[in-house]
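The structure follows.
Naming: A, B, ... by sequence-line order, numbering from 1 per chain.
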4 protein chains.
Amino acid sequence: MATLPPQRPHDASDDAEPRQRRSRRKEARPGELLDAALALFVEKGFAATRVEEVAARAGVSKGTLFIYFPSKEELFKAVVRESISGKYTEFGQELETYTGTSAELVRYCMHEWWREIGMSAASGITKLVMSEAGMFPEIAAFYQQEVIGPGHDLLGKVLQRGIASGEFRPMPIEYAVYSLIAPMIFLLMWKHSMAPCCPPSQQLDPVSFIDTQVSLLLGGMLAPTPTR
Amino acid sequence: MATLPPQRPHDASDDAEPRQRRSRRKEARPGELLDAALALFVEKGFAATRVEEVAARAGVSKGTLFIYFPSKEELFKAVVRESISGKYTEFGQELETYTGTSAELVRYCMHEWWREIGMSAASGITKLVMSEAGMFPEIAAFYQQEVIGPGHDLLGKVLQRGIASGEFRPMPIEYAVYSLIAPMIFLLMWKHSMAPCCPPSQQLDPVSFIDTQVSLLLGGMLAPTPTR
Amino acid sequence: MATLPPQRPHDASDDAEPRQRRSRRKEARPGELLDAALALFVEKGFAATRVEEVAARAGVSKGTLFIYFPSKEELFKAVVRESISGKYTEFGQELETYTGTSAELVRYCMHEWWREIGMSAASGITKLVMSEAGMFPEIAAFYQQEVIGPGHDLLGKVLQRGIASGEFRPMPIEYAVYSLIAPMIFLLMWKHSMAPCCPPSQQLDPVSFIDTQVSLLLGGMLAPTPTR
Amino acid sequence: MATLPPQRPHDASDDAEPRQRRSRRKEARPGELLDAALALFVEKGFAATRVEEVAARAGVSKGTLFIYFPSKEELFKAVVRESISGKYTEFGQELETYTGTSAELVRYCMHEWWREIGMSAASGITKLVMSEAGMFPEIAAFYQQEVIGPGHDLLGKVLQRGIASGEFRPMPIEYAVYSLIAPMIFLLMWKHSMAPCCPPSQQLDPVSFIDTQVSLLLGGMLAPTPTR
DNA sequence: TATGAATGAGACTTCATTCAT
DNA sequence: AATGAATGAAGTCTCATTCAT
């Protein structure tokens, strides 16, 4: 099975600002601002996030933010663009060379996706895009085209592979793919909206949920085998 | 399978206002305002919706809104409260008297839920609550308690029923329930965020999606039968 | 000494509204509104008093108020006009026929004024007029002309009487009169502004204050007598 | 009699602004805003004064005001607090070392008070506080405690001094003190309310008024002397 | 005459954006 | 490049006034 790609160092950007970073690499500024903006946009929404907060969290002044981003809206777009750049290229390559069963591949994809995206700092981007789609339709369309679409195609190929090999029954692939996408999007939304508001007794363990979900779906996908 | 309940006449709430007499309209005002607010909050989010827009859409002036709701925030809370009042009581009763197979019941529940809630004017409430959870955590908790929780319990009973009768295999009910909830929440989010931004080729037919989803999940839930 | 003029019935207007007065004399309405308005204007000032409060305190609806007074400003003016109508005519007549010493007359005037005006419902009118003089200069001028001026003249005559009889020394009457007016205006202001905010230990007993004040002033007014 | 302290050059606080550099102005802003606010609050009252006016008079925009004061109400409180800071400390020290007669001291205090406070830019603060006491009782109580109370105590000591030395007769000091306070408060109220509305013929010269008032009161305070 | 629902001008306050330093 | 003081458009909310009933 493919090894995990090297985890981004990912400098814990959402702790209390140490403030004495001062003369560090200046080229890090936009990145810090994007990290701060992502966290706040996800948490409070675009309109309710003040640029001053973003700047403060990134350890710079309000004016500095406008040196790097011409407006709050451009900052928003940059956040989305940045968070989704080339997320699926490696996945595609892994798929080509994969040699195990398709059922394993499906399970692997789901867990891997959660580890890579669901647990990353960028995990809220989907929640953000969906929440703000009404105000930023072109961003939503962009996201659909750059993220959902490729992911959809990838999963489509996985299912196709299983059907082609006879491991999976024939099925309406278009919809079956959304059966895999839906729980992941649900998980992201849940993590960033309901989870923080729910008592511990109602928390949902993502890994167990994915396990159950995949098992059930595979139950419906796998072709009946004589031995089974 | 249970026959469909008679389709509600489906309150044509946003057609051209007939502009009735003042006194007649008084008791209708709060409802009209709530409808308008729901639509706009879902579409643009809480912060980006201006109360003047809400008032205009309800056919009244800005000041009138504040006669009925003391603040924008209270309006928001009223929208949520109003939209979820007693949604699940009938469902519960249907469940008790149902005599078909559990598989049919699951399928029925999902489709029925979509018809009753997913297609109603209140369908956006879930998207709204999840989008604004960061700003209104107590509303999210309220929603969890009043809507998600009861729905969860109801579905839990359905699965229990199937397991008890031997129709379903044993399964981790907590998570399996979320396997049924997740696609529905996904559908709502999709309908109110991505769908309006996507080209026709990428539209998702909710009924077909539910069909596929249920079929796949049931494949994993149903106990293996000798004849099968 | 002159008997007190018959106390106006003065229907305790600042208790909880009984509301079931309904079809009582309609001609009482403006008076009730004026009473309510006076009390509220004195307490909260013109701008901070809402006409709805005035109406509610008078037991009528907001709309009714505008039947009797074309605007809030006219209501204000009516309050002032009403509260000062012919306050000094009786005083003047008493003065003409008074036969005691001028010192006694001064003392009598001061105490009587306090009893008649300082303790009446209209006592706040001076505070009101002075507080709002900046916004209603013509009202202040009107008040000066109708109330302060006549009062000034009256007191001037009293002092003149004393000087003419040799009971008082010569003095700059213009200013001496203000020495009598000043403590009374001070008392009114105090009663309606500081007194309600002060702890009991700092309360000022008006009668004792007037006593002391008059005694001291008379000490400076009375001509030295050989026997004394 | 103590010589008058050299007349202060009398703070030319409301002349044409020289429009300095931004950074230089920063620490001056709150003061300019307080000056402007004091003038307008005294003139028009709290409610009728618009923050935009205050800002305009201070030469800044509306938004700038809110950088320095979080709300109109806090601005009001700051105006009062600022205007009364440490007004009485010097007075107290002068009193201790004074060597003249108590009658002279009384006269000196009154004139000095008028020069220092009555003629200063902060002169309207008493009028303001009394006018707004109904809406800001805690401010009125604060003023009573910080200004009226200490002034009262100071004057009480002056009278005590005179009585102890046999220069003044015994008298009810509590009330006698108010006989000194009352005309000063009257003067302030008059200056800021009636005076601007009265024709020149009815203007009151403060210094002459104080002279007369003090002479009359001293007439009642001084112990009779054999030679006199 | 009386009501009170409705209005809309106007107030306070916020905050994205600019710009002198 | 960075700052943060200043701006002013825009939003929420109030309340005097109107008017159909």
*asked:* For V80(A) versus I125(A), what's the shortest heavy-atom pair and its separation?
replied: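 Residues V80(A) and I125(A), closest heavy atoms: CA-CD1, 3.8 Å.
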Any Lys/Arg nitrogen of K77(A) or E138(A) sitting under 4.0 Å from an Asp/Glu carboxylate oxygen of the other? yes
N/O donor-acceptor pair, side chain K62(A) with base dT3(F), under 3.5 angstrom: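 There is none.
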note: R50(C), atom CZ; dC13(F), atom C1'; distance rounded to Å ~ 13 Å
Taken to the nearest whole Å, CG/L33(D) to C1'/dA5(F) is 13 Å
Check for me whether K72(C) meets the cation-pi criterion with F46(C), that is, NZ or CZ under 6.0 Å from the six-membered ring centre and within 45 degrees of the ring axis.
yes
| request: For S83(C) and V79(C), work out which heavy atoms get closest and say how close. | output: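 In terms of heavy atoms, the two residues are closest at OG-O, 2.8 Å.
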_Along DNA chain E (nearest heavy atom to each residue), the more 5'-positioned of T64(C) and V51(A)_ =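 That would be T64(C).
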By the Watson-Crick or G-U definition, both distances under 3.5 Å, dA20(F) is matched with dT3(E)
Taken to the nearest whole Å, CD/E53(C) to P/dT14(F) is 14 Å
Practice item. Let me know the distance between NZ of K44(A) and P of dT14(E), rounded to the nearest Å. Key: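 These atoms are roughly 14 Å apart.
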Q.
When you measure from the side-chain N and O atoms of Y68(C) to the phosphate of dA2(E), is any distance below 4.0 Å, counting only OP1 and OP2?
A.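 Checking dA2(E) against Y68(C), a side-chain N or O does come within under 4.0 Å of OP1 or OP2.
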Worksheet item: Closest nucleotide of DNA chain E for S61(B) versus for P70(D): which of these residues is on the 5' side?
Response: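 Final value for this comparison: S61(B).
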Ranking E52(C) and I67(D) by the position along DNA chain F of their nearest nucleotide, the one closer to 5' is I67(D)
| task | Could you state the atom-to-atom distance from NZ of K72(B) to C1' of dT13(E) in whole Å? | result |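 Rounded to the whole Å, the gap is 14 Å.
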> Roughly, in whole Å, what's the span from CD in E32(B) to P in dA5(E)?
Replying inline: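 Going from CD in E32(B) over to P in dA5(E) covers 15 Å.
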**Item:** Atom-to-atom span, CG of L65(C) to C1' of dT17(F) - whole angstrom
**Value:**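 To the nearest whole Å, that distance equals 11 Å.
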Next item on the list: Look at K44(B) together with E53(B) and state whether they make a salt bridge at an N to O cut-off of under 4.0 Å.
Entry: yes
From CZ of F66(A) across to C1' of dT3(F) the rounded distance in Å is 14 Å
